[in-house]
Chemist: 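Take a look at the following structure, please.
Below, chains carry the letters A, B, ... as their sequence lines are ordered, and counting in each starts from 1. Just so we're clear, the structure is a prediction, and the values are computed from it rather than from any experiment.
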Number of protein chains: 2
Amino acid sequence: MTTRKTPNMTKIRQATLDVITVAGHPLSANEVLARILLPCNPATIYRSLHYLEGKGYAHSFVLHCAEHGTERYYMATTPENHHHHWFHCEQCHRFIDLGDCSLAPLIQEYQEKLGIQVTRDTLYLTGICATCQN
Amino acid sequence: MTTRKTPNMTKIRQATLDVITVAGHPLSANEVLARILLPCNPATIYRSLHYLEGKGYAHSFVLHCAEHGTERYYMATTPENHHHHWFHCEQCHRFIDLGDCSLAPLIQEYQEKLGIQVTRDTLYLTGICATCQN
DNA sequence: CCGAATTTGCAAATGACTTGCATTTAACAA
DNA sequence: TTGTTAAATGCAAGTCATTTGCAAATTCGG
Ligand SMILES: [Mn+2]
Ligand SMILES: [Mn+2]
Ligand SMILES: [Zn+2]
Ligand SMILES: [Zn+2]
């Protein structure tokens, strides 16, 4: 058997994590690329985000917005590891934090009633934010 | 001014609607293409699904599944026009109907608290269905 | 510093979906 | 029924987020 080296938190990976942590809301790969300080290839950003998600430092969901199309958005995992849901404004494209996921009881109910094992829930709302309504 | 003709429910559009109606659960464009009886070009299926959604005969959501990737899934609008949410099994890729959307109170709460206008909610669960758990 | 394993850059590939354009179909007035 | 014309479709090329193959660069352990 070969000794396997521990994958490293490289500069780029750390910088990627810093970007999504500082942002405080979901960012697409392109947005991370635009904000990262180190010179970096797009492919590396994707790989970096995969790495972070695999390690549990980040999580993501796929959101579709008419103007930006379908993209995966990443956010840093919170210390408590609670997952949040988000509202996305179709006008200014800002995200608003809807707070901790409150679907646990609902999911539990579905699991019991249908015998399913829920691994993941995806919920997001879209519409117009307060500011954009004038 | 020119007189505009009413867009038509063509054979292909009707056949597309039939396919998603009979299925009773969300189908991707490719699945529709595989099930439609008429000879038909993929691009026409996409256009057809857009048409149906625009007319309110169908609605859709974007779902990501590790194996099938990110795709838009369409279902026929129910007579009552209630929208349902779905569970998708990551193993057998079947959908299980979770019933009418029960997020209205939650959404109402968010709208009032945050001043947002929610246009659309996307919620789906993924995991392993009862059958696939053995 | 050395050699092996991991990362990264770069370019090409992928896959869902869209679009331009020529052709076919269908609405409808004559 | 028929001619005129808008709308629908087929086909091929384009778009765009994301992935992947491979060679060069970096890093870890000794
Ligand atoms: Mn957006
Ligand atoms: Mn699937
Ligand atoms: Zn806004
Ligand atoms: Zn299953």
Chemist: Should B:Thr44 be listed as having a side-chain N or O under 4.0 Å from OP1 or OP2 of D:dG10?
Modeler: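 Indeed, a polar side-chain atom of B:Thr44 lies that close.
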
Chemist: Is any side-chain N or O of A:Asn8 closer than 4.0 Å to OP1 or OP2 of D:dC28?
Modeler: yes

Chemist: Checking side-chain polar atoms at under 3.5 Å, does B:Asp97 have a donor or acceptor matched by the opposite partner on B:His25?
Modeler: no

Chemist: Show which side-chain atoms of residues 30-39 of chain B pair as donor or acceptor with protein atoms under 3.5 Å away, not counting sequence neighbours.
Modeler:
unit_1: B:Glu31; atom_1: OE1; unit_2: B:Ser28; atom_2: N; d: 2.8
unit_1: B:Glu31; atom_1: OE1; unit_2: B:Ser28; atom_2: OG; d: 3.4

Chemist: From CD of B:Gln14 over to C1' of C:dA26, roughly how many Å is that when rounded to an integer?
Modeler: 16 Å

Chemist: According to ring pair (Phe, Tyr, Trp, His ring centres under 6.0 Å), who are the partners of B:Phe95, at least two apart in sequence or on a separate chain?
Modeler: B:Tyr73, B:His88

Chemist: Once you round it to whole Å, what is the distance between P of C:dT18 and CG of B:Asn41?
Modeler: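 After rounding, the gap between these two atoms is 14 Å.
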
Chemist: Return the set of residues passing side-chain contact (heavy atoms from CB on, under 4.5 Å) with A:Thr131 (not counting sequence neighbours), or none when no residue passes.
Modeler: A:Arg94, A:Cys129

Chemist: Let me know the distance between OH of A:Tyr51 and P of C:dT7, rounded to the nearest Å.
Modeler: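 The distance from OH of A:Tyr51 to P of C:dT7 comes to 7 Å, rounded to the nearest Å.
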
Chemist: Report the distance from atom CG of A:Leu52 to atom C1' of C:dT7, rounded to the nearest whole Å.
Modeler: 14 Å

Chemist: Measure the distance from CG on B:Leu38 to P on C:dT25 and round it to the nearest whole Å.
Modeler: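 Rounding to the nearest Å, CG of B:Leu38 and P of C:dT25 are 13 Å apart.
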
Chemist: Once you build an axis from the first five pairs and another from the last five of the helix from C:dC1-D:dG30 to C:dA30-D:dT1, how far apart in angle are they, to 10 degrees?
Modeler: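 It comes to 30° between the two terminal axes.
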
Chemist: Taking atom types as modelled, is there a side-chain donor on B:Arg120 or A:Thr126 under 3.5 Å from an acceptor on the other?
Modeler: no

Chemist: Using distance alone, with no hydrogens and no angle criterion, decide if A:Ser48 and A:Arg13 have a side-chain donor and acceptor under 3.5 Å apart.
Modeler: no

Chemist: Just how far, in rounded Å, is P of C:dC17 from CG of B:Leu33?
Modeler: 12 Å

Chemist: D:dC11 P sits how many Å from B:Ile12 CD1, rounded?
Modeler: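 To the nearest whole Å, that distance equals 11 Å.
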
Chemist: With a 3.5 Å cut-off and no angle check, do the side chains of A:His59 and A:Glu53 form a donor-acceptor pair?
Modeler: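 No pair is found: no donor N or O on one side chain lies under 3.5 Å from an acceptor on the other.
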
Chemist: Rounded to the nearest angstrom, tell me the gap between atom CD1 in B:Ile45 and atom C1' in C:dA16.
Modeler: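 Distance, rounded to whole Å: 14 Å.
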
Chemist: Protein within reach of the bases, or only the backbone? For nucleotides 16-25 of chain D, mark each nucleotide 5' to 3' as B, S or -, using heavy atoms under 4.0 Å.
Modeler: -SBBBB----

Chemist: For A:Phe61, does the CZ atom have more than 12 heavy-atom neighbours from other residues, nucleotides or ligands under 6.0 Å away?
Modeler: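 Yes, because the 6.0 Å sphere around CZ of A:Phe61 holds more than 12 heavy atoms from other groups.
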
Chemist: List for me each residue that meets ring pair (Phe, Tyr, Trp, His ring centres under 6.0 Å) alongside A:His85, sequence neighbours excluded, and say none if there are none.
Modeler: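 Applying ring pair (Phe, Tyr, Trp, His ring centres under 6.0 Å) to A:His85 gives A:His83.
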
